[in-house]
Amino acid sequence: MPGTARRDHPAARSRHRRPPTTMQDVAEHVGVSHQTVSRVLNGHNSVSPDTRARVLQAIEDLGYRRNSAARALVTRRSQVLGVVGFDTTLYGPTSTLFGIEQAARDAGYFVSVASVTTITAATVRAAVDRLIEQNVDGVVVIVPLRTGEPLSALPSGVPAVAVDARSTGGLASVRVDQEAGGRLVTRHLLDQGAHTVWHLAGPADWYDAQDRLTGWRRELHRCGAPAHRPLRGSWTASSGYEAGRRLAGRDEVDAVFVANDQMALGLLRAFHEAGIRVPQDVLVAGFDDVPEAAYYTPPLTTVRQDFAAVGRRSIELLLDQVAGHRRRGPQAIVPPELVIRQSSRRPALTTLPSRSC
């Protein structure tokens, strides 16, 4: 029918299409100012948690989408942040990257990632140059390895934040307090009555491994407990298994702090094969709190890292610089959390007096 044809014509349909939701629509829906919605979208801290939640809910309910192209023309910013990451499948670095990406998205930014297989000044500079070619507004560089001064070649004038690094060359930086985590778990094992705590450390060229070892050693010294020579692993379950087989042959081992949960998994397997019961014979604790840790046999005591907080602080510090606040020096330290499970709890009948220290 002629009438039906007219109604189905694209021009007719376009006259009835709902116009896109604007930032002002969101503001009116919530009952706040246009500037408040803008602050929420840009991740500013000046908005109360309740207002932020209501604005984000309205954005979802109304289907608001930012016009990034138009915004870039007005602000001369790309709304893209760059991240230089270490090419690995290990839980810590990948979780750090995810936390940064999530925080950037929450702040209204896209993320472009440049991965490097080795961390040197040259590879980091090359990765940053690739990101600059994409007109990123700033860069987060994840530096988990002790490899010279990889941040020394960063171009001046580019907003940048270092994550996990210890020598930052004056850059703003964010990291979890790994040494505090090592001290927490060591003290917990001593409190459970262990004579001392053995340590399976990670690779010597990783900052996290060295800081966890330092925390272990300092807590033992503080409590007057002997510190045996640490074993070294490669972050893998197989290296934990080999270390577990070596420790299983020593009668004096009654507690082990393993530098990550993957190695702890291998160590638990070796102990099981040797007839060593955990926690009845030996207490065991790991580090990272991988999602599977609660389902190990037995469930694993471990140290949890707040990767979401690392991401938020990284993006906050970076956006401060993007906005023109030249805050290149702040060092944000995120505290760890000890998660106690069955692997380090002495059964009631075998509980020994804790060490007073």
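Computed from heavy atoms alone, side chains included, the values below leave out hydrogens, waters and symmetry copies.
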Between H188 and T301, is any side-chain donor less than 3.5 angstrom from a side-chain acceptor?
-> no
Are any side-chain N or O atoms of S239 and backbone N or O atoms of G233, one a donor and one an acceptor, separated by less than 3.5 Å?
-> no
For A162, does its backbone N or O pair with a side-chain atom of S173 as donor and acceptor, under 3.5 Å?
-> no
Does the side chain of D289 pick up a donor-acceptor pair with the side chain of Q305 at under 3.5 Å?
-> no
Do we see a donor-acceptor contact under 3.5 Å between the side chains of R105 and Q102?
-> yes
Neighbour count >12 (heavy atoms, 6.0 Å) for atom CZ, R125 | yes
Sole candidate of V111, T96, D106 that passes side chain to side chain contact (heavy atoms under 4.5 Å, CB included) when paired with E101 = V111
Who pairs with R166 by salt bridge (charged side-chain N to carboxylate O under 4.0 Å, His left out), at least two apart in sequence or on another chain?
-> D208, D211
So how far is it from R245 CZ to L267 CG, rounded to the nearest 0.5 Å?
-> 12.5 Å
Has the side chain of T123 got a donor or acceptor atom that lies under 3.5 Å from a matching backbone atom of T118?
-> yes
Side chain to side chain, D261 and Y296, heavy atoms closer than 4.5 Å = yes
In Å, rounded to the nearest 0.5 Å, how long is the span from OG1 of T297 to CG of L265?
-> 9.0 Å
Between the side chain of R341 and the main-chain N/O of L300, is any donor-acceptor distance below 3.5 Å?
-> yes
Donor-acceptor pair, side chain of Q331 and main chain of L171, under 3.5 angstrom | yes
